[in-house]
Each structure stands twice: as C-alpha cells, then as structure tokens.
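Have a look at the structure below, then the notes.
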There are 2 protein chains.
Amino acid sequence: MDMPMNAERKSRNADAGESSAIDLTSRARIRNAGLHQFATTGFAGTPLRAIASEAGVAIGLISHHFGSKDGLRAAVESWIVDQFAAAITEADAAAPDSVADTAGRDAAVAQMLKANPLIVGYLRRELLEGSAGRTLIARLARLSLQSVDSMRSGGVASTDRSRVDQVVTVMIRQLGKLFLQPLVDQVVDSFSADERPAAKPELTITVRTPQN
Amino acid sequence: MDMPMNAERKSRNADAGESSAIDLTSRARIRNAGLHQFATTGFAGTPLRAIASEAGVAIGLISHHFGSKDGLRAAVESWIVDQFAAAITEADAAAPDSVADTAGRDAAVAQMLKANPLIVGYLRRELLEGSAGRTLIARLARLSLQSVDSMRSGGVASTDRSRVDQVVTVMIRQLGKLFLQPLVDQVVDSFSADERPAAKPELTITVRTPQN
DNA sequence: TAGGATATTGAAAGAACGTTCAATACTATG
DNA sequence: CATAGTATTGAACGTTCTTTCAATATCCTA
C-alpha cells in the first residue's frame with residue numbers, strides 16, 4: 001500500500017494565524033484553523049474535516065492532538081485567554097512602574113484584538129452560544145478582575161467604585177464596539193454604493209451603573 | 001397497521017409563541033418552534049427532530065410545509081419582518097396624522113421586541129451567522145428606510161441628515177442595547193453573588209457619523 | 001355521502017458527522 | 001544502526017442528520 005510523499009503539505013493552507021503559517025507545527029495549524037472555522041461558521045456548523053483540510057492534515061490528527069472536537073475548542077479558548085494575558089503583560093512591561101494604567105492596558109488589548117480579528121469573531125459567537133455552563137467570558141472577566149486589582153494596588157485605578165463596575169466598564173469598552181460594528185456595517189452595506197456615506201458611522205458605548 | 005389516535009397532541013408543546021399555542025395550526029407551531037430552537041441553539045445546532053418534537057408533529061410534516069430546513073428558516077425570517085412591519089403600522093394607526101414620529105415608532109418596536117424576546121435572540125445570531133449572502137438584516141434595513149422616508153414625507157423627521165445616517169441610528173438604537181446586554185449579564189454573573197451590584201449596569205449606545 | 005385535495009405519519013434512504021484504530025513515517029536517544 | 005516513542009495517515013464504524021416517500025387520516029366541496 002504505497003502512499004505518496006506529501007512534501008509541500010504545509011504550503012497549501014489558508015493564512016489563519018498571524019505567523020506565516022509555513023513553519024508552524026501541525027498542532028498550531030489545527031488550532032488556528034479551528035479558531036478560524038469556529039469564528040466564521042460556528043462550532044456546530046464546522047465539520048472537523050473542514051478544519052483538517054484548512055490545516056492541511058488528516059482528520060485523525062485532530063483527535064490525536066486534542067482528543068475531541070470539544071478538546072480543540074478548549075485549546076482555542078485557552079489560546080485566546082493567553083493572548084489577552086500577554087497583551088496586559090506587555091503593557092505592564094512597557095510602563096514606567098511596571099504597572100500600566102487603564103489607558104495603557106486598553107490600548108494594548110485593542111491592539112491585540114485588531115491584530116487578531118478572529119478572536120473578536122470568536123468571542124462574539126461565544127457570547128451567544130456559550131450561555132450554558134461554558135466559561136470563556138467568565139475567564140476573561142476573571143483576568144480583567146486581576147488587572148483591575150493590580151492597578152488598584154499600583155495606585156493607578158480609582159478605588160471609589162466597585163470592582164464589578166470597573167470590570168464591566170473595561171470589558172464593555174473593549175468589546176462592545178467590536179461586537180456591534182458588524183450591525184453597522186451590514187446596515188450600511190445594504191444601501192447602494194452611491195448612497196453610502198464616505199466614512200462608516202462610529203459607535204460610542206458607555207456603561208452607567210445605577211446608584212449602588 | 002393500527003396507529004393510536006393522538007388526541008391531545010397539541011397540548012404537549014412548550015409555549016414558544018405569543019398565542020396560547022393550543023389552537024395554532026401545525027404550520028404555525030412548527031414556525032414558532034423553529035424560531036425558538038434557532039434562537040436558542042442556532043441554525044446548525046438544531047436538528048429538525050427537535051423542532052418536530054417541540055411542535056408536537058412528525059418530522060415529515062416540516063418538509064411538507066416548508067420544503068426544507070432552509071425553507072423553514074426563510075419562513076421564520078419573513079415572520080420576523082412581518083412583526084416589525086406590524087409594529088410600525090400599529091404606531092402609525094395610533095398617531096394623529098396617521099404617521100407616527102420617531103419616538104412613537106421606536107416605542108412600538110421596543111414593545112414588540114419586549115413581547116418577543118426570541119426575535120431578539122434570533123437577530124443576535126443572524127447578525128453573526130448570516131454574513132454571507134443572507135438578507136434578514138438587509139430586509140429590516142429596507143423596512144427601516146421606508147419608515148424613515150414616510151416620516152420625512154410626513155414632516156416628522158428632519159431632512160438635513162442623510163437617509164443612511166437615520167436608518168443606522170434607528171436600528172442601532174433599537175437593537176444595539178439588546179445585543180450587548182448579554183455581555184453585561186455574563187460578566188456580572190461571573191462574580192459571586194455577594195459581590196454583584198444590586199442593579200445591573202445599563203448601557204448607552206450612540207452613533208456618530210463623521211462629517212459627510 | 002362520495003371523492004378529491006390536503007394534512008400527517010413514520011419508516012427508509014443516503015449523506016455527513018465525530019471517533020476509533022491499525023498501519024506507516026518520522027525523530028531522537030542509546 | 002537499532003529501537004522506542006511520537007507524529008501522521010486514511011479507512012472503517014456507528015451515529016445522527018436531512019430529505020424522500022408511500023400509506024393513512026382528515027377536511028372540504030359537490
């Protein structure tokens with residue numbers, strides 16, 4: 001049972017990640033393809049065969065590396081959490097007192113999300129589909145809470161508001177606009193080209209907590 | 001091949017619609033169940049058998065009435081568009097000059113959405129999943145454009161802004177808060193009960209169009 | 001009441017899905 | 001070089017999905 005050598009296997013896959021994807025491990029390529037597919041067509045809507053195809057691997061390799069489809073999702077979500085944590089860590093490293101303030105961390109996270117639009121797409125879906133028992137949003141909220149606490153300790157965040165308030169404010173500010181922008185885009189794009197405004201309308205989202 | 005009479009078949013289904021669901025036609029019960037399932041578990045995530053079970057019918061009846069799963073989805077979306085149109089029509093009927101103003105129509109739509117939370121859930125998903133070729137958001141935008149135009153003709157809407165601007169503003173105002181509230185809820189709920197604020201934080205969303 | 005049209009059922013077909021697994025290729029360590 | 005461990009493949013399996021369809025029930029009209 002002869003089988004052809006697959007020499008250029010890694011070269012025929014879409015660029016799903018940020019690296020050049022040519023010298024990524026099969027495991028990383030599968031994870032990237034999973035992020036791309038889940039963010040684009042949803043978890044239930046993507047067959048494992050589509051992920052294997054995009055990653056340029058055989059379907060069996062997914063189970064070998066991640067155990068199951070759910071295992072792959074867990075790996076994708078852990079990778080997302082890592083990206084958030086890394087963005088905050090970088091912002092801190094660049095700050096004078098090794099603790100960045102709100103603006104610095106917001107900027108770092110915004111930059112990371114801009115570089116990884118698939119993360120935004122994935123989170124948008126997760127927000128809807130993961131209502132029961134799933135935990136990605138909760139994990140990010142916990143991460144945000146640690147960030148808020150460390151900023152409080154560093155004296156760069158006010159302490160006269162509740163911690164919950166601050167976490168909600170931070171997360172909404174970071175994600176809300178990104179979540180809602182597709183609605184604006186789809187509405188604008190539903191008009192004929194000559195009627196569309198030159199610049200897309202921009203959203204402003206604020207959070208107001210009632211007297212506590 | 002005797003088969004038992006299913007006398008009380010219609011009584012064992014969840015209340016997905018607004019009517020008492022006891023004297024709805026099979027077609028309507030299937031449509032309601034489809035809306036419920038699609039909004040809750042997503043289009044790809046819901047088997048037709050789940051819809052048939054919730055509606056209390058055999059699986060074959062779905063194909064008979066709607067042709068296919070996609071046909072059912074089309075029917076659900078047309079029904080949603082009808083609800084929006086009906087809300088606007090009612091607001092107009094109650095207005096003095098038979099053309100309600102912005103506030104009146106906003107209130108009518110908000111009331112309709114509050115009475116049909118499944119529509120909100122469905123739209124939230126549609127906004128993400130229907131990026132390619134699908135048209136529900138576009139249809140609602142067109143409906144909103146007709147509304148804006150009629151208000152302009154009736155002299156109850158300003159004409160110094162572009163029509164696109166007005167449509168975007170209306171739709172974001174109607175839907176944006178509803179879309180983003182789950183994020184606030186999940187973040188707040190990720191905290192322990194004793195740390196949660198008494199009242200949920202409230203969102204304010206504004207649209208600003210750059211100089212045109 | 002007779003008969004055609006429509007509604008409804010549930011089994012069957014055919015495709016697609018996730019998972020498993022034996023076989024093969026690769027890599028590193030002795 | 002040998003050999004153990006890991007990576008990788010793709011076919012096979014059992015399940016589940018959508019669609020089809022013949023059979024039966026119900027409704028409507030003449």
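Throughout, protein chains are lettered first and strands after them, A, B, ... in sequence-line order, and every chain is numbered starting at 1.
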What integer distance in Å separates [X]:[atom1] from [N]:[atom2]?
X: Phe66(B); N: dT19(D); atom1: CZ; atom2: C1'; answer: 16 Å
X: Leu24(A); N: dT8(D); atom1: CG; atom2: P; answer: 13 Å
X: Gln37(B); N: dC17(D); atom1: CD; atom2: P; answer: 12 Å
X: Ile62(B); N: dC21(D); atom1: CD1; atom2: C1'; answer: 16 Å
X: Arg27(B); N: dT6(C); atom1: CZ; atom2: C1'; answer: 13 Å
X: Leu61(A); N: dA25(C); atom1: CG; atom2: C1'; answer: 13 Å

Salt bridge (charged side-chain N to carboxylate O under 4.0 Å, His left out) involving [X] - partner list, sequence neighbours excluded:
X: Asp101(A); value: none
X: Asp194(A); value: none
X: Glu77(A); value: Arg134(A)
X: Lys114(A); value: none

Those residues that, when tested against Arg27(B), pass side chain to side chain contact (heavy atoms under 4.5 Å, CB included) (two or more places apart):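 If we apply the side chain to side chain contact (heavy atoms under 4.5 Å, CB included) test to Arg27(B), skipping adjacent residues, the hits are Thr25(B), His65(B), Phe66(B).
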State which residues pass side chain to side chain contact (heavy atoms under 4.5 Å, CB included) with Ala50(A); sequence neighbours excluded, sorted by chain then number.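 Applying side chain to side chain contact (heavy atoms under 4.5 Å, CB included) to Ala50(A) gives Gln37(A), Pro47(A).
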So if I take the C1' atoms of five pairs at each end of the helix from dT1(C)-dA30(D) to dG30(C)-dC1(D) and get each local axis, what angle do the two axes make, rounded to 10 degrees?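 One end axis against the other gives 10°.
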Sequence-distant partners of Phe38(B), ring pair (Phe, Tyr, Trp, His ring centres under 6.0 Å), two or more places apart: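 Scan of Phe38(B) (ring pair (Phe, Tyr, Trp, His ring centres under 6.0 Å), adjacent residues dropped) gives Phe43(B).
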With no hydrogens and no angle check, do the side chains of Thr204(B) and Arg208(A) hold a donor and an acceptor under 3.5 Å apart? no
Expected rows: protein N/O vs nucleotides 17-20 of chain C N/O, under 3.5 Å:
unit_1  : atom_1 : unit_2   : atom_2 : d
dG18(C) : OP1    : Lys69(A) : NZ     : 2.7
dG18(C) : OP2    : Leu48(A) : N      : 2.7
dG18(C) : N7     : Arg49(A) : NH1    : 3.1
dG18(C) : O6     : Arg49(A) : NH2    : 3.1
dT19(C) : OP2    : Lys69(A) : N      : 3.0

